[in-house]
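Structure record follows, encoded as structure tokens.
The chains referred to below are lettered A, B, ... by the order of the sequence lines, with proteins before strands, and numbering in each begins at 1.
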Amino acid sequence: VGTLNRLMPEPNEQVEAGAAPPTVLLVDDEESFHHVLGPYLAGYRLINAYNGWQALDALSKRHIDVVLLDLNLPDTTGIQLLEQIRNERDDVEVIIVTAHSKIKNAVETVKKGAFDFVAKSFENYQHIHTYVERALEHRRWRRDQQDAKTRHQWMRDAFLLLEQSENRELRNIIALLRKVADTPLTVLIEGESGVGKEIIAQYVHAHSSRAGGPFRAVNLSAVPQALIESHLFGHVKGAFTGADHTQVGKFESAEGGTLFLDEIGELAPSAQVKLLRVLQEREIERLGAAEPTPVDVRVLAATNKDLQKEVAEGRFREDLFFRLNVVRVGMPPLRERWRDIPQLAKMLAAKHALRMQREPPTYSRDAMEILVNYDWPGNVRELENLIMRLVAMHPGKAINGDDIPPEYCLPTLNRLAGKMLEHGAKAKGKETRLYFLAREQFERYLVRLMINRCGGNKKAAARALGVSYSTVKEKSRDYDDDAEG
Amino acid sequence: MLPDRHIRDGARELPELSRTLDDDGVQVRARCFSRQRAGGAFYEVLIDGFGQYAVIDVSAGSELERRIMEAMEAFVAAAKLRRLAR
């Protein structure tokens, strides 16, 4: 009874030396069982819990990979605890370890989401490592499945947004790409960094008869020049010092599918010659190989450079450019398709919330206004980075203007000042007042921002801004009226 | 000019396979050249229009006629989109 009723403030923890081994939570009311099983779990980070409360506490505070769970616990049943774990945590595998090894129990627990059911016996203790490894392998597989599902969902949403973009130029590009998707034509996608050139390439691949084949992407600016030929075309054993095995290149790994060459303007002259040969003759030569290998790969390329200028300046081969110039499209930057930002922001929040297993946040009107007004020099990639941060910091909450870092707010301020200038010019007809009006507008916005940031505390806002409390009160008067109204 | 260089490089022009497309007064021309390479006979189709050149490579035995028209139409559509975007 003493053992059953014992409540420990923190579960026992034995930390193994080494780099982040998987964590196993052992939940059993019998202390002797912990002593018996512990040595068989060497190599894992082991956390011991003696009842349901301790187990849930450990699960909420620590990273757990696998739970070894007894069916009999003093404050709950193993089945109830299993249900709770399954409802709250999708990333933990549960193995039932019990003396009650009836088939009925095994079936019920597996139905409720346990990965495995192990009877308490010395023979099984000796193999507990294998059971845990299988559970870890299963978890990796489930994560891969989840990632694939997230990617698939994201791509479907992203394709739909491209097709239904509020930007006519982009809609026209998508309509053209849809037409040429199922042809062997090479496509060159131009656009600033971060505009989503790869998603366009994936769109073409997904709408072609090659969709069942692989889609491989290579960022040529990220591969060292010395390795680029081996990376793209592969090499045979002994081709160069250190080539101790034959390696298949990206072209061969994309056989039957599509190869997306990002930042093609970065390709070294020697690799340009080889790429030209592939496009002309549909065969590659692995480094060191005596014979060429035929390949069936559709090539899509992208660049943020002006390739025509690169040709004129002798940095890019003219004959290669002509082969990329059949279908050359320019992706508009995000600032030109700002009407897509609300939908894109929602989709990105949903994508990252799913990845982080959190609720997606929502956006208030002023937050969305800030996102729409910002220029996004880093395009969709910059928007995605910001939203990733917002999802991590405000899961399931409404994001307000003051949750967004101030550097994103300046264009909104500019726009407000512009409106004010326009309004001032029309209403007063005296240009001498415009500077005053714009300054006034900026000050009011800044004060309002700081009050929000200080949780509505005007004195704190005054201190943070380095102005008097009466100034803050005066500058926030209209805002207070708005808030009350 | 580019076609002359092609001929000089050993390609043989096939005038009977040339195609012309008129798009709102803009002439787009496709000229077909045959070339022998290590892998066999190939066609090089040179598309010229909107102040731009493009080349597609077609292996012998493919549906050349269809490939030429497909490439010309896509070339024209992409050039018009770029012109609109400017």
Original post:
Distance from Phe322(A) atom CZ to Ile47(B) atom CD1, nearest 0.5 Å?
Top reply: 12.0 Å
Subject >> Crowding at CD, Glu313(A) (>12 non-hydrogen neighbours, <6.0 Å) >> reply: yes
Original post:
About how many Å separate CD of Glu73(B) and OG1 of Thr183(A), when rounded to the nearest 0.5 Å?
Top reply: 11.0 Å
**OP:** Go through Val55(B) and Asp319(A) one step at a time and tell me if the side-chain contact (heavy atoms from CB on, under 4.5 Å) criterion holds.
**Re:** CA-CA 8 Å; Val55(B) 174; Asp319(A) 41 12; over 6 Å; no
**OP:** Say whether, by atom type as modelled, one donor and one acceptor occur between the side chain of Arg82(B) and the main chain of Arg328(A) under 3.5 angstrom.
**Re:** yes
**OP:** Below 4.5 Å from any heavy atom of chain B, which atoms of Ile173(A) appear? Answer side chain, backbone, both or neither.
**Re:** both
Original post:
Are side-chain N/O atoms of Arg35(B) and Gln280(A) paired as donor and acceptor at under 3.5 Å?
Top reply: no
**OP:** Please flag which part of Val327(A) lies under 4.5 Å from any non-hydrogen atom of chain B: side chain, backbone, both or neither.
**Re:** both
Subject >> Closest non-hydrogen atom pair between Leu185(A) and Glu70(B), with its separation >> reply: CD1-O, 4.0 Å
Original post:
Within a radius of less than 6.0 Å around OH of Tyr203(A), do more than 12 heavy atoms belonging to other residues, nucleotides or ligands occur?
Top reply: yes
**OP:** Would you mind reporting whether Arg323(A) and Asp57(B) have side-chain heavy atoms less than 4.5 Å apart?
**Re:** yes
Original post:
Looking only at heavy atoms, which two atoms of Val180(A) and Ala74(B) are closest? And how far apart?
Top reply: CG1-CB, 3.6 Å
Subject >> Interface residues of residues 13-24 of chain B facing chain A - non-hydrogen atoms under 4.5 Å apart >> reply: none
Subject >> Gln52(B) side chain near Gln308(A) side chain, heavy-atom distance below 4.5 Å >> reply: yes
Original post:
Side chain, backbone, both or neither: which part of Glu336(A) has a non-hydrogen atom closer than 4.5 Å to chain B?
Top reply: neither
**OP:** Mind listing the closest non-hydrogen atom pair of Tyr53(B) and Asn325(A) along with its distance?
**Re:** O-ND2, 2.8 Å
**OP:** State, yes or no, whether a side-chain contact exists between Arg67(B) and Pro184(A) at a heavy-atom distance under 4.5 Å.
**Re:** yes
